[in-house]
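The structure under discussion appears below in the form of structure tokens.
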Amino acid sequence: MATNLDLQEQEQIDAVKAFWGQYGNLITWTVTLVLVAFAGWNGWNWWQREQAVKASAMFDEMDQAVQAGDAGKAAQVFKDLKDRFGRTTYAQQAGLLAAKVQADKGQADAAIASLTWVADDASDEDYRSLAHLRLAGLLLDKKDYDGALKQLDAVKSSEFAGLAEDRRGDVLMAQGKQADAVTAWKKGWDALSDKLDYRRVVEAKLTAVGAQPAASGAAQ
């Protein structure tokens, strides 16, 4: 009886050895890859959290610089954020803020450079659209009408469609194209919610050129 059991155990051992000899390497590599992938996923999450914490701290510096109206400091913090954490929303927001304080300080070219980075490199469509919209305003001030219209054409977010058409009307009016400007302003007025105070600004522009919009065109 003992001999039979010994033989059965030996057969089982031999079968395991044969199986492992055929599939052992495959199993080992599969398990290794799974463990590496799991470790990598954990490491990536940790790295992402670390990036977010560091970027958040730098963004606090940006906020302080903006509150103080320090365009130089804001530009430096934005550069650091862009270089180190360029894919984070903090960098994209910092670009918009840096451009604001730069424009307020009369540094139009610096503001254009900051906004151009956001417009070209931001991962969020709303940030890109907002950057294009603000770029159009700065280019309008510089009388670069074609450049301003090109920026407005690049506004893709529906959230900013009304504002983009309003700004388009401003550019067209500056070019002396009143009829086209009225058409754009009307599109902007229709696209803006009647709950927005800014809609009254667009209505005032239309009224000034004798094209007051009908109440029935109000956006819902």
Side-chain angles (χ1 to χ4, degrees), residues 62 65-66 69-83 86 89-192 196-211 213:
M62 166 63 73
V66 171
D70 189 342
K73 178 68 173 178
Q76 183 58 53
V77 175
F78 170 52
K79 181 180 183 303
D80 292 341
L81 266 169
K82 179 176 59 175
D83 292 344
T89 57
Y90 291 111
Q92 298 160 37
Q93 293 171 356
L96 297 173
L97 289 176
K100 180 183 184 303
V101 70
Q102 287 164 340
D104 290 345
K105 294 297 181 179
Q107 301 174 10
D109 290 341
I112 287 172
S114 296
L115 289 171
T116 298
W117 181 85
V118 179
D120 292 343
D121 295 308
S123 57
D124 187 278
E125 185 62 59
D126 285 343
Y127 287 133
R128 289 199 300 272
S129 293
L130 185 53
H132 284 302
L133 187 59
R134 292 182 178 176
L135 275 169
L138 291 175
L139 293 173
L140 172 59
D141 292 340
K142 293 170 71 72
K143 295 182 171 52
D144 182 359
Y145 304 130
D146 290 340
L149 290 173
K150 183 177 179 180
Q151 292 296 328
L152 293 170
D153 289 339
V155 175
K156 303 302 182 184
S157 174
S158 59
E159 297 294 323
F160 299 102
L163 294 175
E165 288 302 322
D166 169 58
R167 184 56 51 83
R168 188 184 303 278
D170 295 343
V171 176
L172 292 168
M173 180 60 78
Q175 290 180 304
K177 302 176 181 178
Q178 180 171 315
D180 292 335
V182 168
T183 299
W185 282 332
K186 284 183 176 179
K187 287 182 180 178
W189 189 85
D190 286 338
L192 292 169
L196 291 176
D197 289 338
Y198 188 79
R199 195 167 187 247
R200 298 188 188 124
V201 175
V202 183
E203 184 172 345
K205 295 176 185 179
L206 288 166
T207 301
V209 294

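Under the 4.5 Å side-chain criterion, counting only non-hydrogen atoms from C-beta, V118 is not in contact with L130. A heavy-atom distance below 4.5 Å is not found between the side chains of L163 and V155. Contact annotation: the side chain of Q178 approaches that of M173 to within less than 4.5 Å [non-hydrogen atoms, C-beta and beyond]. Between K205 and D166, some side-chain heavy-atom pair lies under the 4.5 Å cut-off. Between W185 and E203 the shortest side-chain heavy-atom distance does not fall below 4.5 Å. Looking at heavy atoms from C-beta onward, L172 lies in side-chain contact with Q175 at the 4.5 angstrom threshold.
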With salt bridge (charged side-chain N to carboxylate O under 4.0 Å, His left out) as the criterion, how do R167 and D170 come out once you've worked through the C-alpha distance, each side chain's angles and the decisive distance to 0.1 Å?
CA-CA 5 Å; R167 184 56 51 83; D170 295 343; 3.6 Å; yes
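Contact between A174 and Y145 at its shortest, heavy atoms only, is CB-CE2, 3.6 Å. Residues A91 and F78 come closest through the heavy atom pair O-CE1, 3.5 Å. Shortest non-hydrogen contact noted between W117 and G86 is CH2-O, 3.5 Å. Heavy-atom minimum distance, A103 versus A111: N-CB, 3.9 Å. Residue A71 comes nearest to K105 through the heavy atom pair CB-CG, 3.9 Å, listed as atom of the first residue, atom of the second, then distance.
Rounding to the nearest 0.5 Å places CD of Q151 at 11.5 Å from CZ of R168.
Looking at S129, its side chain does come within 3.5 Å of a backbone N or O of S157 through a donor-acceptor pair.
Note on D104 versus K100: salt bridge recorded, some NZ/NE/NH1/NH2 to OD/OE distance being below 4.0 Å. A salt bridge links D109 and K142; the closest N-O separation between the charged side-chain nitrogens and carboxylate oxygens is under 4.0 Å. Using a 4.0 Å cut-off between charged side-chain N and carboxylate O, R200 and D197 make a salt bridge.
With sequence neighbours left out, K186 forms a side chain to side chain contact (heavy atoms under 4.5 Å, CB included) with V182, L206, A211.
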